[in-house]
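Structure first, commentary second.
Residue numbers run from 1 in the order of the sequence given.
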Amino acid sequence: MKPNIAKISLSGLMALTLSVPAFAADNFSLKGSIPGLSDSLKVVLNDVEDPNGEIRRIGSAVVSNGTFELAGELKSPTVCEFSVLKYVPARQEFMRSFSTRVIAEPGAMTLTSELPFDSLRNVRDDERYVRVTGSEAHSQFDRYVAAVMDAELKERDASYLSAKKYFDSNGNEDTIVKYDAIKNAAKADLLKAQREFIAAHPDYNYSAYLVQRELEKVFTYSADEINAMADLVKACPDTARTSTVEKRRKFALKYAFGRQCPEFEVTHTDGKTSPFASLLTPGKYTFIDFWASWCGPCRSAIPHVRELNSKYADRLNVFSISVDETEEPWRKAMDEEKMEWAQFHLQAGDQMAKGTQAFFITTIPRLVLLNDKGEVICSTNMPREITACIEAELGK
């Protein structure tokens with residue numbers, strides 16, 4: 001499991017504003033009924049577009065006489081999660097019993113189902129049976145479901161199986177590699193299906209949304225790939241959506257493969273500071289290991305870092321950079337682990353903020369590879385992935 005880096009003081013890391021521009025809000029309503037939907041259940045509609053995972057409740061209602069009607073404010077078509085909640089006395093709270101994606105937009109909408117509620121909540125492809133009228137954006141989403149749902153389900157199954165095998169095998173490396181390969185192949189197939197859908201429907205709101213989500217991924221695409229994706233969906237007539245895509249484009253270009261090593265400062269073991277870029281050796285690759293003393297997976301990765309440092313010493317500079325909030329635990333862990341390669345620390349405050357922003361670090365370990373020109377070519381949390389990348393560049 002990857003630890004959350006919340007223990008680090010990351011003031012400013014998430015300061016980048018990725019929200020859509022302000023427009024006058026319009027009212028929307030969503031009426032509906034699902035056969036077998038019991039009274040007293042609660043239905044809610046949540047905006048799930050926030051790139052940081054924040055959920056915004058935009059409407060809720062209680063089922064009465066098998067029907068519901070919720071209303072709220074929306075600025076433009078928005079990808080939402082429609083959920084049915086059931087009150088659980090033992091927990092003294094409403095808990096989710098069913099959820100499905102809905103593309104809501106200003107105006108009057110209606111939601112119905114071809115299946116009764118008990119059947120609907122027990123099928124994996126529920127979005128094939130839910131009908132939303134009054135939203136052209138949702139009609140476009142229905143076409144996406146028809147074209148891509150099978151690939152989505154295969155990717156979900158592969159991801160679930162990979163996670164299950166990880167825990168069943170107690171993290172056995174061979175098992176992880178085997179089932180991660182299956183998961184990654186399914187992800188690639190899903191991405192291919194999504195790209196084909198986008199290419200066929202570049203003016204669809206949901207196509208632009210898919211591009212928007214891809215552009216939220218750091219160190220996944222080159223600048224050329226980022227620009228090609230963003231340019232493709234300029235045909236979308238929703239100016240709020242295309243404005244968001246443009247904001248994501250700018251964000252993605254800051255964290256594109258092939259960009260020069262970002263500017264930030266590090267503290268040496270003797271207390272001196274220097275720009276990290278000044279440590280790079282022209283013509284030599286650079287491997288950066290961001291870690292912390294309290295991070296178990298980081299310390300488990302240290303033998304991998306040591307092995308790479310030894311194997312490629314003539315062609316690879318290896319630097320470990322601690323994100324511990326104070327120096328004492330960093331120095332203690334260095335001694336315990338006998339880390340003989342170059343060691344640095346990000347001091348709490350401006351140095352920490354800029355250093356973690358440089359590679360958009362939200363979890364550790366973060367393992368980064370720069371080529372002999374100082375360009376970012378790999379960024380991962382997985383030691384085997386950085387090893388594979390180094391071997392591909394420098395040989396086995």
Side-chain angles (χ1 to χ4, degrees), residues 28-49 55-72 74 77-89 91 93-161 163-164 186 189-190 193-194 197 201 204-207 209-210 213:
F28 79 91
S29 64
L30 181 64
K31 298 180 181 180
S33 62
I34 300 174
L37 197 63
S38 302
D39 287 3
S40 78
L41 291 174
K42 188 175 182 180
V43 297
V44 299
L45 193 66
N46 292 326
D47 173 358
V48 296
E49 289 204 21
I55 302 298
R56 182 172 70 93
R57 178 71 49 85
I58 58 175
S60 65
V62 175
V63 177
S64 177
N65 297 321
T67 66
F68 58 85
E69 179 177 359
L70 50 81
L74 280 175
T78 303
V79 178
C80 297
E81 182 183 73
F82 171 84
S83 298
V84 178
L85 311 180
K86 180 179 181 179
Y87 186 75
V88 180
R91 305 266 317 246
E93 63 179 324
F94 280 93
M95 303 201 56
R96 186 168 60 181
S97 177
F98 167 76
S99 65
T100 192
R101 285 174 289 185
V102 167
I103 318 303
E105 60 182 295
M109 297 171 290
T110 301
L111 184 148
T112 57
S113 170
E114 295 179 8
L115 295 177
F117 183 62
D118 284 345
S119 298
L120 186 64
R121 63 191 295 267
N122 287 305
V123 296
R124 301 172 63 246
D125 54 347
D126 53 86
E127 285 153 343
R128 286 182 166 136
Y129 306 100
V130 171
R131 295 287 169 260
V132 175
T133 58
S135 168
E136 173 56 28
H138 190 90
S139 296
Q140 295 172 0
F141 174 69
D142 285 338
R143 292 167 205 136
Y144 169 82
V145 168
V148 183
M149 176 62 80
D150 288 341
E152 276 199 1
L153 293 175
K154 288 178 182 177
E155 189 274 336
R156 284 184 217 168
D157 288 343
S159 294
Y160 171 79
L161 183 61
K164 183 176 185 300
D189 288 344
L190 173 57
Q194 289 175 330
F197 179 84
H201 307 286
Y204 276 17
N205 191 286
Y206 201 72
S207 294
Y209 169 77
L210 291 171
R213 297 317 296 249

Non-hydrogen side-chain atoms of Ile34 and Leu111 separated by less than 4.5 Å:
yes

In this structure, OG of Ser119 is separated from CD of Glu114 (nearest 0.5 Å) by 12.5 Å

In terms of side-chain geometry, is the basic nitrogen of Asp150 or Arg128 positioned less than 4.0 Å from the acidic oxygen of its partner?
yes

Taking the side chain as everything from C-beta on, heavy atoms only, tell me whether Ile58 gets closer than 4.5 Å to Cys80.
yes

Indicate yes or no: at least one non-hydrogen side-chain atom of Ile103 is less than 4.5 angstrom from one of Gln140.
no

Interatomic distance, CG@Asp157 vs CG@Leu161, rounded to 0.5 Å, equals 8.5 Å

Determine the sole option in Leu115, Thr100, Val145 for which the side chain to side chain contact (heavy atoms under 4.5 Å, CB included) test with Asp126 is passed.
Thr100

Quick one: pull up OG in Ser159 and NZ in Lys154 and give me the separation to the nearest 0.5 Å.
14.0 Å

Nearest 0.5 Å, what's the OG-CD distance between Ser99 and Glu81?
4.0 Å

What's the spacing between Thr67 OG1 and Lys31 NZ if we round to 0.5 Å?
9.5 Å

Would you check if Phe28 and Leu70 make a side-chain contact, meaning some heavy-atom pair closer than 4.5 Å?
yes

Closest heavy-atom pair, Ser40 versus Phe94, reported as atoms and distance to 0.1 Å, is O-CE2, 4.0 Å

If you count every heavy atom of other residues, nucleotides or ligands that lies below 6.0 Å from Tyr160 atom OH, does the total exceed 12?
no

Between Arg143 and Glu136, does any NZ, NE, NH1 or NH2 come within less than 4.0 Å of an OD or OE carboxylate oxygen?
yes

Val132 and side chain to side chain contact (heavy atoms under 4.5 Å, CB included): which partner among Glu127, His138, Arg101?
His138

Leu210 versus Gln194, closest heavy-atom pair with distance
CD2-NE2, 3.8 Å

Closest non-hydrogen atoms of Arg213 and Val48, given as atom of the first, atom of the second and distance, are NH1-O, 3.5 Å

Crowded around Arg91 CZ? As in, over 12 foreign heavy atoms under 6.0 Å?
no

All heavy atoms of Arg96 vs all of Leu85, minimum pair found to be CA-CD2, 3.5 Å

For Leu153 and Arg124 the tightest heavy-atom approach is O-NH2, 3.6 Å

With heavy-atom distances below 4.5 Å as the criterion, would you say the side chains of Tyr206 and His201 are in contact?
no

What distance do Ser97 atom OG and Leu120 atom CG have between them, rounded to the nearest 0.5 Å?
10.0 Å

Any non-hydrogen side-chain atom of Glu155 less than 4.5 Å from a side-chain atom of Glu152?
no

Could you check, using the six-membered ring where one of them is a Trp, whether Phe82 and Phe68 have ring centers closer than 6.0 angstrom?
yes

Can you label the angle between the Phe141 ring and the Tyr144 ring as parallel, tilted or perpendicular, going by 30° and 60°?
parallel

Of all heavy-atom pairs linking Ala137 and Asn205, the shortest is CB-CB, 4.3 Å

Taking the side chain as C-beta and beyond, is there a heavy-atom pair between Val88 and Glu93 under 4.5 Å?
no

